[in-house]
Amino acid sequence: MKINYKKYDAVVIGAGCAGATIANRLANTNKRVLVIDKRPHIAGNAYDYFDQDKIIIHQYGPHIFHTNYQEVFNFLKKFSPFFKYEHRVLGNLDNKLVPVPFNFKSLELTHPKKEASQIKKLLLKYFKGQTRVSIFELLNHKDPTIKKFGQFVFDKVFAYYTAKQWNIKIKDIDKSVINRVPVVLGYQDTYFGDKYQFMPSHGYTYMFKNMLRHKNITVKLSTNITKHIKFKNKKIYLDGELYQGKFIYTGAIDELFNYQFGVLPYRSLDIKLSKIKKTYYQKAATVNYLTSEKFTRISEYKYFLKQNIKGKTVIAKEYSKAYSLKGKTDPYYPINNTKNNAMYLKYKKLADTYHIYLSGRLAEYKYYNMDLAILNALQLVKKIK
């Protein structure tokens, strides 16, 4: 059935973090909003479901909510109850499991007792008052013992894992990326350091359903907007009719404009699910394979909702792979460099010509965690209004 776009004050493309947030906020200001998504479901990459054994499955890989932005957490709490969840990750380092990020326990498990004690003392001396220090700082430290320790962490925890994740040579790893990787100065073993670390009690899809369940919102799934949109004389036409409302786009910006400046590069994922006849498969929600295996990590989804299901569990192995239009892979991680960013700016300039509002990881070609995607979407709504 043909859509009467003129009925809507705003059309939002994408029902994920950015799109659902924008749609809800606009609807609350009495705007009539049409949400269109090319997938057969809402929630974007945060989409989850319960399998036949009632085990939660994150279809596009693990999504853990954490943020320092109270505004974001307060917004999401309107649509779902949350419970406190502190994510823990172990690293399989030469067949030994150590906490990740690397902390004092990791240090003790990988170094002789006397050497580990000396390194701990030096770290506390040189980085007094800090809870975390980056590998970059360790690698460039004046003390040779600290520098040697930094090289160990880089080689064992960071280098191989990052190289297989991004399909690059270790020597080509960007130092700005290294700078984001911390060593914890203590025994704190949670993966994130954010103020708010919670999970939605009934999963993400439940939360997004409530976000989009509004009298002013209409959702249309399994619809690719590129088959319905035309651009002409700085105006947008939907199914041949001029559309003069607000147009918000959260999908891949190069796809919207038929890749006319080229295909923006991403890394993608191949996620292999396995049902295991065990109550638990591994000792943590996620185990990163730092020095071995072709896959990057294994996540065990039961941990995320603290599900007490006996004798059955589901694990997901993640293989990093190239993004390809022909391979029908999903874009996950933007590859930001000078060349790619310049291509993106051409698309951004074209979108501005048609007064299109862009929001989210794919539309802005930036690696956003969920909380930042939602925060930016909330701020964009203020501009739109």
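Residues: numbered from 1 along the sequence shown. Note that this is a predicted model, so its numbers are computed, not measured.
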Matching residue for F198 among F73, F192, F65, F304 - test: ring-ring contact (aromatic ring centres under 6.0 Å, His included): F73
Carboxylate-amine/guanidinium proximity below 4.0 Å for D94 and K156: yes
For D194, salt bridge (charged side-chain N to carboxylate O under 4.0 Å, His left out) partners two or more places apart: none
Flag for S299-T286: side-chain donor and acceptor within less than 3.5 Å: yes
Aromatic centroids of F79 and Y206 separated by under 6.0 Å: no
Y319 backbone acceptor or donor facing K294 side chain under 3.5 Å: no
Over 12 foreign heavy atoms within 6.0 Å of NZ, K310: no
Residues in salt bridge (charged side-chain N to carboxylate O under 4.0 Å, His left out) contact with E364, at least two apart in sequence or another chain: none
Listed partners of E293 passing salt bridge (charged side-chain N to carboxylate O under 4.0 Å, His left out), at least two apart: none
Donor-acceptor under 3.5 Å (N92 side chain, Y289 main chain): no
Y333 ring center near Y266 ring center (under 6.0 Å): no
Test item: Y249 and I225 side chains (from C-beta on) under 4.5 Å apart, heavy atoms: yes
Y161 (side chain) donor-acceptor with S292 (main chain) under 3.5 angstrom: no
Non-hydrogen side-chain atoms of L122 and D143 separated by less than 4.5 Å: yes
Candidate pair Y368 and N376, rule side-chain hydrogen bond (donor to acceptor under 3.5 Å, both in side chains), full reasoning: CA-CA 10 Å; Y368 288 142; N376 290 345; 3.3 Å; yes
K38 atom NZ, over 12 foreign heavy atoms within 6.0 Å: no
D352/K348 salt bridge by N-O under 4.0 Å criterion: yes
Donor-acceptor side-chain pairing of T190 and Q188 below 3.5 angstrom: yes
Residues R39 and N45: side-chain donor-acceptor under 3.5 angstrom: yes
Residues, nucleotides or ligands: over 12 heavy atoms within 6.0 Å of K77 NZ: yes
Expected output: side-chain S80 to main-chain L76 donor-acceptor under 3.5 Å: no
More than 12 heavy atoms of other groups within 6.0 Å of Y191 OH: no
Listed partners of F158 passing ring pair (Phe, Tyr, Trp, His ring centres under 6.0 Å), at least two apart: F154
Derivation and outcome, ring pair (Phe, Tyr, Trp, His ring centres under 6.0 Å), residues H58 and Y301: CA-CA 7 Å; H58 290 203; Y301 290 140; 5.3 Å; yes
Candidate list K302, K275, Q307, test side-chain hydrogen bond (donor to acceptor under 3.5 Å, both in side chains), partner D53, passing option: K275
F127 ring center near H141 ring center (under 6.0 Å): yes
Pairs satisfying side-chain hydrogen bond (donor to acceptor under 3.5 Å, both in side chains), at least one member in residues 9-26, at least two apart: D9-R32
From K120, K113, K114, K96, residue fulfilling salt bridge (charged side-chain N to carboxylate O under 4.0 Å, His left out) relative to E108: K120
Short side-chain to backbone donor-acceptor contact, N288 and L290, under 3.5 Å: no
Any residue meeting salt bridge (charged side-chain N to carboxylate O under 4.0 Å, His left out) with K246, in chain and number order, not counting sequence neighbours: none
side-chain hydrogen bond (donor to acceptor under 3.5 Å, both in side chains) between Q165 and S320, worked out: CA-CA 5 Å; Q165 187 176 37; S320 180; over 6 Å; no
Heavy-atom donor-acceptor pair, T29 side chain to L26 backbone, under 3.5 Å: yes
Closest heavy-atom pair and its distance - A23, V35: CB-CG2, 3.5 Å
Any donor-acceptor N/O pair, Q282 side chain to A285 backbone, under 3.5 Å: yes
Under the side chain to side chain contact (heavy atoms under 4.5 Å, CB included) test, residues paired with A46 that sit two or more places apart: H63, Y204, F208, M370
Those residues that, when tested against T67, pass side-chain hydrogen bond (donor to acceptor under 3.5 Å, both in side chains) (two or more places apart): D371
Over 12 foreign heavy atoms within 6.0 Å of NZ, K84: yes
Check: S106 side chain, N103 main-chain N or O, donor-acceptor pair, under 3.5 Å: yes
Qualifying residues under side-chain hydrogen bond (donor to acceptor under 3.5 Å, both in side chains), relative to K31, sequence neighbours excluded: none
Plane angle bin for Y5 and Y243 - parallel if under 30°, tilted between 30 and 60°, otherwise perpendicular: perpendicular
Residue pair L375 / E71: nearest heavy atoms and the distance that separates them: CD1-OE1, 3.6 Å
Check: T223 side chain, I36 main-chain N or O, donor-acceptor pair, under 3.5 Å: no
Minimum-distance pair of heavy atoms, taken over all atoms of S359 and L380: CB-CD2, 3.7 Å
Closest contact, heavy atoms only, F50 versus H202: CE1-O, 3.8 Å
Heavy-atom side-chain contact between Y85 and S201 under 4.5 Å: no
By side-chain hydrogen bond (donor to acceptor under 3.5 Å, both in side chains) - contacts of N167 (at least two apart): none
T250 vs Y357 side-chain heavy atoms within contact, under 4.5 Å: no
Non-neighbouring partners of H41 that pass ring pair (Phe, Tyr, Trp, His ring centres under 6.0 Å), sequence neighbours left out: Y47, Y60
Heavy-atom donor-acceptor pair, S268 side chain to Y332 backbone, under 3.5 Å: no
Pair E318 + K272: basic N to acidic O under 4.0 Å: no
Y354 OH: over 12 foreign heavy atoms closer than 6.0 Å: yes
side-chain hydrogen bond (donor to acceptor under 3.5 Å, both in side chains) partners of N4, counting only residues at least two apart: none
Geometric class of the F149/F152 ring pair [parallel <30°, tilted 30-60°, perpendicular >60°]: parallel
Polar contact flag, side-chain donor to acceptor under 3.5 angstrom, Y126-E137: no
Side chain to side chain, Y347 and Y259, heavy atoms closer than 4.5 Å: yes
